[in-house]
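The structure appears right after this line, and notes come after that.
Numbering of ligands and ligand atoms starts at 1, following listing order. As a basis for the values below, the full set of heavy atoms in this structure was taken, side chains included, without hydrogen atoms, waters or symmetry mates.
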Amino acid sequence: MKFFIDSANADLIKKFIDMNIVDGVTTNPSLLAKEGKDPIEQVKKILKLVPGPVSIEVVATEYGAMLSEARPISKLGKNAVVKIPMTRDGMRAVHTLSQEGIKTNVTLVFSATQALIAAKAGATYVSPFVGRLDDIGTDGMPLISDIVQIFRNYSIKTQVLVASVRHPIHVVEAAKLGADVATLPPDVLDKMFSHPLTDAGLKKFLDDWKTLQKQYGDDFSKAK
Ligand code: G3P
């Protein structure tokens with residue numbers, strides 16, 4: 001499963017890019033607003049920083065206006081993916097853009113029927129929002145299971161991009177279900193590194209080493 005970072009913060013993105021554990025980035029208007037910087041400049045910075053796909057969302061809601069934003073977005077970088085909301089105008093725009101060879105990510109997907117429609121329209125990615133379904137007292141993960149199964153049944157090429165991820169269990173569940181991508185807020189990705197037994201184990205190794213060093217002094221940096 002690929003990991004994307006769900007963030008518009010260039011420093012946080014760079015931190016994970018430098019470890020080579022991130023395959024792409026997703027942004028949205030709220031994430032760009034949180035940065036409080038010129039959104040076009042910020043997006044250009046991220047496109048340069050990240051070798052993989054970067055989703056950038058249109059804010060127009062009408063077909064023609066969506067295309068007027070989507071085409072310039074697609075020219076900002078070879079890795080630019082245009083994020084389009086799951087609306088009727090949006091799906092018409094996705095169809096036109098796919099015919100022009102422009103990659104799209106259909107966002108705000110909350111049902112399997114919406115995912116099927118997005119795929120039919122020619123979306124490169126569909127983004128079901130699991131956390132926001134959990135927020136209203138339903139379970140978001142069965143939606144991922146349904147979409148993955150349906151796409152497999154018909155060999156649909158559209159990739160399932162699990163979004164609105166809130167904790168590491170969402171990531172594990174998405175991977176078990178065979179989702180193509182999970183887009184992770186930086187704090188969730190950070191939590192995925194940690195385990196108390198790792199911390200306790202490292203402390204014990206270092207304490208034992210200190211005892212040995214008192215006797216012999218050297219460490220491996222001086223090995224010949
Ligand atoms: O990028 C879209 C999605 O991941 C938003 O997540 O936490 O605002 O529901 P959230």
Side-chain angles (χ1 to χ4, degrees), residues 1-10 12-13 16-17 21-37 39-40 42-43 45-47 49-50 52-61 66 69-70 73 76-77 79-87 90-91 93-94 103-112 114-115 118-119 123-144 147-148 158-175 177 179-192:
M1 184 172 66
K2 282 173 270 187
F3 288 166
F4 288 178
I5 292 263
D6 200 24
S7 173
N9 183 301
L12 287 172
I13 293 167
F16 296 111
I17 289 286
I21 58 169
V22 162
D23 305 287
V25 168
T26 51
T27 67
N28 62 38
S30 304
L31 290 170
L32 282 163
K34 202 168 136 192
E35 295 309 307
K37 294 178 181 153
I40 298 174
Q42 189 64 7
V43 155
K45 192 172 176 182
I46 297 169
L47 283 163
L49 191 65
V50 181
V54 177
S55 291
I56 303 135
E57 191 162 338
V58 297
V59 287
T61 54
M66 279 181 175
E69 287 182 16
I73 287 175
L76 290 177
N79 48 345
V81 175
V82 182
K83 219 171 174 185
I84 306 269
M86 175 62 221
T87 61
M91 293 314 95
V94 165
K103 291 189 172 147
T104 55
N105 173 359
V106 173
T107 188
L108 293 166
V109 167
F110 293 96
S111 74
Q114 289 180 323
T124 315
Y125 302 94
V126 284
S127 290
F129 278 31
V130 291
R132 290 195 196 182
L133 283 168
D134 293 355
D135 288 346
I136 59 158
T138 57
D139 183 359
M141 290 319 292
L143 174 59
I144 305 304
I147 299 172
V148 168
T158 303
Q159 295 186 48
V160 181
L161 192 167
V162 180
S164 188
V165 166
R166 297 283 162 74
H167 46 71
I169 299 296
H170 273 154
V171 185
V172 175
E173 289 299 321
L177 292 169
D180 301 283
V181 191
T183 190
L184 314 175
D187 69 304
V188 173
L189 185 48
D190 222 31
K191 282 181 193 154
M192 289 166 60

Under 3.5 Å: N/O of [X] near N/O of ligand 1:
X	value
R166	yes
R132	yes
T183	no

Legend entry - Min side-chain heavy-atom separation V171-V165 under 4.5 Å: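 Yes. Closest side-chain heavy atoms under 4.5 Å.
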
Legend entry - Atom pair CZ/CG of F110 and L133 - distance to nearest 0.5 Å: 6.0 Å

Inset, instruction - With rounding to the nearest 0.5 Å, note down the distance linking CG in L143 to OG1 in T138. - result: 9.0 Å

For [atom], which protein heavy atom lies nearest, and how many Å away is it?
atom	answer
atom 2 (C) of ligand 1	F129 CZ, 3.4 Å
atom 1 (O) of ligand 1	D6 OD1, 2.9 Å
atom 6 (O) of ligand 1	S164 CA, 3.3 Å

Inset, instruction - Show which atoms of ligand 1 fall inside a sub-4.0 Å distance from at least one heavy-atom site of K83. - result: 1 (O), 2 (C)

Inset, instruction - For D134 and R166, run side chain to side chain contact (heavy atoms under 4.5 Å, CB included): C-alpha distance rounded to whole Å, both residues' side-chain angles, the deciding distance at 0.1 Å, then the answer. - result: CA-CA 10 Å; D134 293 355; R166 297 283 162 74; 5.8 Å; no

Legend entry - Heavy-atom donor-acceptor pair, N28 side chain to E57 backbone, under 3.5 Å: no

Legend entry - Exam field: side chain D180 to backbone L161, donor-acceptor pair closer than 3.5 Å: no

Inset, instruction - With heavy atoms under 4.0 Å as the rule, classify the contact between E57 and ligand 1 as side chain, backbone, both or neither. - result: neither

